[in-house]
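Presented below is the structure to which this report refers.
Just so we're clear, the structure is a prediction, and the values are computed from it rather than from any experiment. Note: hydrogens, waters and symmetry copies are ignored here, and every other heavy atom, side chains too, is used.
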Amino acid sequence: MSRWAVLPAELDPRVRQLVVRLRRLKDHSGLSLRQLGARTQYSPKSWERYLGGRSLAPREAVEALARIGGEDPTRLLALHEVAAEAWARRRGDVTAADAYTPPVPEPAATAPEVLSVEVNGPRRPGGSLLVALVAGAVALVLAASTAVLLVVRLGGGEPEETAAPVAAPAMPTSSAPPYACRVERTDDGRWYAGNSRTREAVLAYGHAGPEVAEAQCLLRRAGISPGGIDGIFGPVTEGAVRQLQKRAGLVVDGIVGPHTWKALRR
């Protein structure tokens, strides 16, 4: 197994998870970076950046490495999609939809502005007659509007009141569910703590749920304190995972994968 350099601390957990999987596939293949470059269309320097977390591997490179390592690329490509989104957000990229600002329509000209243009424009023969006709038309419109309002008031009574908007009730914030450690050893020699029976789930900093609680219970059984059994993968739990990986001779990356689950359950 290759002795990998520690990944950058600022690397997003989703990108870190993808890089760790790629590293394991490369180790499983037994190929050097030069041989890996010869088997794919990417140079050894490019693979060095991808596996060091300095650049995000393209989708085609991820698929090629999965096929070389004899793994179905479907799940790995799903991890790549999530990692690509996290990588883009870290770089501050925005989509066209985010950058689009709808145009603000210009207000339509009102009747007084039209009248102002007509009156203040150049005087032509018959201009006074045109102004009088426009003023008469405006007066007729105002009179008709007033009559309609009177009919509505007399026939319909008081106008209906607009219902005041009702604020949606605030959703109660739920605290983290309590987890218990019911550690027992099964007939196959593996340890379980009663929260999850997974041996494949990939857990990293920021994850939460019963799988995290299971790992915390098994870390405590191994004599390494993960902090509280709260199902939250925080810095204390990550440090405990690193201690276990170092003790078991695994890649020390603070991420729980199949190899770390094997060490926890034996």
Closest heavy-atom pair, Ala263 versus Leu250, reported as atoms and distance to 0.1 Å, is CB-CD1, 4.3 Å

Does Gln35 CD have over 12 foreign heavy atoms under 6.0 Å away? yes

Quick one: does Thr237's side chain have a donor or acceptor within less than 3.5 Å of a partner on Pro226's backbone? yes

Apply side-chain contact (heavy atoms from CB on, under 4.5 Å) to Val19 and Asp253, showing your working. CA-CA 10 Å; Val19 175; Asp253 54 15; over 6 Å; no

Crowded around Asp188 CG? As in, over 12 foreign heavy atoms under 6.0 Å? yes

Any non-hydrogen side-chain atom of Val202 less than 4.5 Å from a side-chain atom of Arg75? yes

Quick one: does Gln216's side chain get under 4.5 Å of Asn195's, heavy atoms only? no

Treat each ILVMFWY residue as a node, draw an edge where side-chain heavy atoms are under 4.5 Å apart, and state whether Leu79 and Trp47 are in one component. yes

Donor-acceptor pair, Arg220 side chain versus Gly227 backbone, under 3.5 Å? yes

What pairs meet the side-chain hydrogen bond (donor to acceptor under 3.5 Å, both in side chains) rule with one or both residues in residues 56-72, with sequence neighbours excluded? Arg21-Glu71, Glu63-Arg67, Asp72-Thr74

4.5 Å side-chain heavy-atom contact, Lys26 and Leu33: yes

Show the nearest heavy-atom pair for residues Tyr50 and Tyr42, with the distance to one decimal. OH-CD2, 3.8 Å

Within the distance-only criterion (no hydrogens, no angle test), does the side chain of Arg190 pair as donor or acceptor with the backbone N or O of Arg266 below 3.5 angstrom? no

Quick check against the 3.5 Å criterion: does Arg182 have a side-chain atom that pairs as donor or acceptor with the backbone of Gly194? yes

Taking all heavy atoms of Arg54 and all of Trp87, pick out the closest pair and write down the distance. O-CH2, 3.7 Å

Taking side chain as C-beta onward, heavy atoms only, is Val62 less than 4.5 Å from Leu22? yes

Got a sec: does the CZ of Arg39 have more than 12 other heavy atoms crowding it under 6.0 Å? no

Please step through side-chain contact (heavy atoms from CB on, under 4.5 Å) for the pair Val251 and Val20, ending with a clear verdict. CA-CA 9 Å; Val251 176; Val20 170; 5.8 Å; no

When hydrophobic residues are tied together by side-chain contacts of less than 4.5 Å, even through go-betweens, does Leu11 share a cluster with Trp4? yes

Side chains of Tyr192 and Glu214, heavy atoms from C-beta outward: is any pair under 4.5 Å? yes

Contact check, side chains of Val82 and Leu18, non-hydrogen atoms, under 4.5 Å: no

Closest heavy-atom contact between Ala64 and Thr40? CB-CG2, 3.9 Å

